[in-house]
Amino acid sequence: MFRPPTLANRQSSSTQDQHVVTYVEQANNNPSALKQIMLATAVLNLTNSTGQQTPCRAILDSGSQVCLITKECASRLHISGVQSTISLAGIGSVTAKTGTTISTTMCSRLRDYEAYINFHVIDSITTKLPIHRVNINQLNIPDTITYCLADPGFHEPGNIDVLLGAELFYEILIGEGKKTQEGTVLHNTCLGWVLTGSMPIANSHMCMPGLLIQCQSISSLALTDRPTCSVKNVQSIVKSHFTRTVTQEHSSRFVVQLPFLRDPELLGDSKFMAQRRFFNLERKMNQDPMLAQEYKIHG
């Protein structure tokens, strides 16, 4: 997902209404070869207030520090929320606020796996995924995997109810991956097999040169497709930084401070997240001695 470099998109919002764009890439300037990036999705079960399992569609996002759930999905669970206002910051400092959290148990439909999760409630996570229907017949997915897909309808545009962040992402990965003929990759997880990568769009009538941009008024954390500063401005900033921070040591060695395009404080508590990922990996290794041995050999 990409955000166009306009002033409107650099402004923060307290209403969780940010302009997000999804993109389609055109291969070799061939209008008939439009492609889109497939993101990992899974259908899982969340426990509602009466203890029953409710199917929900999730996106797996290793770049998110929190787990999210839409208001519509949270209302289906009928679970009482707790007031907890936080600001979610995306690339380019795009922000959205959440005011409620709910806690429930997530269960895999296919494997013996469950996790207790604190979800931050948000109006909307993203647009329907995938943006366009894709033709899965050309993938030749083995039957043994087809029956174990985390999201059997991954190729059909559908709503996203839940976002699973980095805290769970690396825990649910089993580590096995297979490439398809189209260049996409099937990953094995505790929720089933997920597919990621670039895929052609089926029955597409769009013929636009270069990058095709589709704007959506939705709440989501977006990525920038290109720097917002011109090359000339960047060169001026770099020159100014060098002049301001360069020093020479007694050994005649020149030293310049490490430059940052944005305040490093925007990274947040990255040390905490790194530790959580390490502990999740360590726990995974303890549960699977063979995987730990392979990790030692190839690591």
Point to revise | Transitive ILVMFWY cluster of F279, excluding itself - 4.5 Å side-chain cut-off | key: F278
Review point. Does some side-chain heavy atom of V185 sit less than 4.5 Å from a side-chain heavy atom of K178?
Key: no
Review point. So if you build clusters from Ile, Leu, Val, Met, Phe, Trp, Tyr with side-chain heavy-atom gaps below 4.5 Å, do I174 and V194 land together?
Key: no
Practice item. Mind jotting down which residue pairs meet the salt bridge (charged side-chain N to carboxylate O under 4.0 Å, His left out) criterion with at least one end in residues 37-48? Sequence neighbours excluded, please. Key: none
Study note, to complete from the structure: Scanning both residues in full, the closest heavy-atom pair of V246 with T243 reads CG1-O, 4.0 Å
Review point. If you round to the nearest 0.5 Å, how far is CZ of F169 from OG of S62?
Key: 4.5 Å
Check your understanding: Where do C56 and C73 come nearest, in terms of heavy atoms and distance?
Key -> SG-SG, 3.4 Å
Check your understanding: How far does CG of N286 sit from CG of L281, to the nearest 0.5 angstrom?
Key -> 9.5 Å
Revision key, fill the gap. Rounded to the nearest 0.5 Å, the CD1 atom of I136 sits from the CE atom of M38 at a distance of 9.5 Å
Exercise for review: Tell me, please, which residues at least two apart from E167 pass side chain to side chain contact (heavy atoms under 4.5 Å, CB included).
Suggested key: R276
Exercise for review: Just jot down the side-chain hydrogen bond (donor to acceptor under 3.5 Å, both in side chains) partners of N118, sequence neighbours excluded, or say none.
Suggested key: S103
Check your understanding: When rounded to the nearest 0.5 angstrom, what distance separates NE2 in H155 from CD1 in I141?
Key -> 9.0 Å
Exercise for review: Answer yes or no: is there a donor N or O on one side and an acceptor on the other, between the side chain of T146 and the main chain of P142, under 3.5 Å?
Suggested key: yes
Check your understanding: Taking the side chain from S64 and the backbone from V66, do they hold a donor-acceptor pair closer than 3.5 Å?
Key -> yes
Revision key, fill the gap. Residue set satisfying side chain to side chain contact (heavy atoms under 4.5 Å, CB included) with H241, at least two apart, ordered chain then number -> R244, T245, V256, Q257, P259
Exercise for review: Kindly determine whether M199 and L139 satisfy side chain to side chain contact (heavy atoms under 4.5 Å, CB included), including the steps that lead there.
Suggested key: CA-CA 10 Å; M199 281 198 67; L139 294 176; 3.8 Å; yes
Revision key, fill the gap. Here the pair of heavy atoms bringing W193 nearest to L186 is CZ3-O, 3.6 Å
Revision key, fill the gap. With sequence neighbours left out, the residues meeting side chain to side chain contact (heavy atoms under 4.5 Å, CB included) with N280 are E171, R283
Review point. Is T41 reaching over with its side chain to a backbone N or O of F154, donor-acceptor style, under 3.5 angstrom?
Key: no
Check your understanding: Among all residues two or more places apart in sequence or in another chain, which pass the side-chain hydrogen bond (donor to acceptor under 3.5 Å, both in side chains) test with R57?
Key -> D151
Practice item. Look only at the side chain of Q248 and the backbone of V255, and say whether a donor-acceptor pair between them is shorter than 3.5 Å. Key: no
Exercise for review: Could you name each residue pair satisfying salt bridge (charged side-chain N to carboxylate O under 4.0 Å, His left out) that touches residues 104-117, not counting sequence neighbours?
Suggested key: none
**Study point:** Single-linkage hydrophobic cluster, 4.5 Å side-chain cutoff, I86 and L68 together
**Key:** yes
Exercise for review: Start with the C-alpha distance between V121 and T98, add both sets of side-chain angles, then the distance that settles side chain to side chain contact (heavy atoms under 4.5 Å, CB included), and finish with yes or no.
Suggested key: CA-CA 6 Å; V121 182; T98 69; 5.9 Å; no
Practice item. Can you sort out the partners of T50 under side-chain hydrogen bond (donor to acceptor under 3.5 Å, both in side chains), two or more places apart, ordered by chain and number? Key: N48
Check your understanding: Are I37 and L163 linked, directly or through other ILVMFWY residues, by side chains that come within less than 4.5 angstrom of each other?
Key -> yes
Point to revise | Least distance between heavy atoms, A292 atom then M285 atom | key: CA-SD, 3.5 Å
Revision key, fill the gap. When every non-hydrogen atom of L110 is compared with those of L191, the smallest separation belongs to CD1-O, 3.7 Å
Review point. So L39 and D61, side chain to side chain contact (heavy atoms under 4.5 Å, CB included) or not? Walk me through it.
Key: CA-CA 9 Å; L39 303 177; D61 185 2; over 6 Å; no
Review point. Is there a path of hydrophobic side-chain contacts, each under 4.5 Å between heavy atoms of I, L, V, M, F, W or Y residues, that connects I117 with I172?
Key: yes
Practice item. Sequence neighbours left out, what passes side chain to side chain contact (heavy atoms under 4.5 Å, CB included) with T47? Give chain and number order. Key: Q53, T104, T105
Exercise for review: Compare every heavy atom of I79 with every heavy atom of S49, then report the nearest pair and how far apart it is.
Suggested key: N-CG1, 4.0 Å
Practice item. Could you tell me whether a side-chain N or O of T70 sits under 3.5 Å from a main-chain N or O of S124, the two making a donor and an acceptor? Key: no
Revision key, fill the gap. CG (L46) and CD (Q52) are apart, to the nearest 0.5 Å, by 13.5 Å
Practice item. Tell me whether V43 is reachable from I125 by hopping between hydrophobic residues (I, L, V, M, F, W, Y) whose side-chain heavy atoms are closer than 4.5 Å. Key: no
Exercise for review: Decide whether H120 and S84 meet the rule of one side-chain donor and one side-chain acceptor closer than 3.5 Å.
Suggested key: no
Revision key, fill the gap. SG (C67) and CD1 (I69) are apart, to the nearest 0.5 Å, by 10.0 Å
Point to revise | Which residues share a side-chain hydrogen bond (donor to acceptor under 3.5 Å, both in side chains) with T184, sequence neighbours left out | key: T180
Exercise for review: Name all pairs fulfilling the side-chain hydrogen bond (donor to acceptor under 3.5 Å, both in side chains) condition that reach into residues 156-166, sequence neighbours left out, sorted by first residue then second.
Suggested key: R76-D161, R133-E156
Practice item. Evaluate the criterion side chain to side chain contact (heavy atoms under 4.5 Å, CB included) for residue pair M106 and N45; output intermediate values, then yes/no. Key: CA-CA 6 Å; M106 175 198 75; N45 292 323; over 6 Å; no
